[in-house]
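Quick note: numbers below take in every heavy atom, side chains included, and nothing from hydrogens, waters or symmetry partners. Small disclaimer: the values here were computed from a predicted structure and weren't measured. Numbers here are sequence positions counted from 1.
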Amino acid sequence: MVYQSAPEVIGLSNAPESRAAILTGAGVIPGSDRRIRFSRALFGATLAGAARNVTLLARDAKHDLLLSGSNVYFGTAAAAVDVVASVTPDYPDSTAHVSF
């Protein structure tokens, strides 16, 4: 779904000229609004080349996580979790409960 809607919409604003030039060479679309947007071809190539199995290493190997398949993972680096509503631009509070 992201691939179908995101290209030509997702991008960066006010990118430094040096980075914008590099990204334009890679296939981003520069806009007159100083926003560079990722082309569908670049977006697709990036997804095609992305790792499908990534191990998130813990301090102890018994807690390593293999990130793969259709599971959903999130990490907070000890920060509060934000939940983004997929239909509205709202950020409702997380209702997840964690026990240690």
Side-chain angles (χ1 to χ4, degrees):
M1 191 166 107
V2 171
Y3 175 75
Q4 295 301 322
S5 62
E8 291 91 30
V9 175
I10 293 177
L12 304 168
S13 64
N14 301 316
E17 293 291 328
S18 60
R19 299 298 179 242
I22 292 169
L23 292 170
T24 300
V28 299
I29 304 165
S32 59
D33 58 356
R34 292 196 36 144
R35 185 171 179 80
I36 52 177
R37 293 168 177 84
F38 297 96
S39 68
R40 188 171 300 277
L42 178 60
F43 199 82
T46 301
L47 288 177
R52 297 294 183 250
N53 299 303
V54 175
T55 301
L56 182 61
L57 301 174
R59 289 183 180 180
D60 185 326
K62 70 181 180 185
H63 298 295
D64 288 355
L65 290 175
L66 176 60
L67 310 180
S68 65
S70 60
N71 295 325
V72 175
Y73 301 92
F74 65 90
T76 67
V81 175
D82 282 332
V83 178
V84 181
S86 61
V87 178
T88 66
D90 298 326
Y91 289 85
D93 291 335
S94 172
T95 58
H97 297 281
V98 179
S99 299
F100 293 101

Test L56 against V54 for side chain to side chain contact (heavy atoms under 4.5 Å, CB included), laying out the working first. CA-CA 6 Å; L56 182 61; V54 175; 5.8 Å; no
In this structure, CD1 of I22 is separated from OG1 of T24 (nearest 0.5 Å) by 10.0 Å
Contacts of A58 meeting side-chain contact (heavy atoms from CB on, under 4.5 Å) (sequence neighbours excluded), chain-then-number -> H63, D64
Legend entry - Sidechain-backbone polar pair: R52 side chain, A50 backbone, donor-acceptor under 3.5 Å: yes
Sequence neighbours excluded, the answer for salt bridge (charged side-chain N to carboxylate O under 4.0 Å, His left out) partners of D60 is none
d(N53 CG, L67 CG) to nearest 0.5 Å is 9.0 Å
Please check this pair: side chain of S39 against backbone of G27, looking for a donor-acceptor N/O pair closer than 3.5 Å. yes
dist F38:CZ -> L23:CG (nearest 0.5 Å) comes out at 6.0 Å
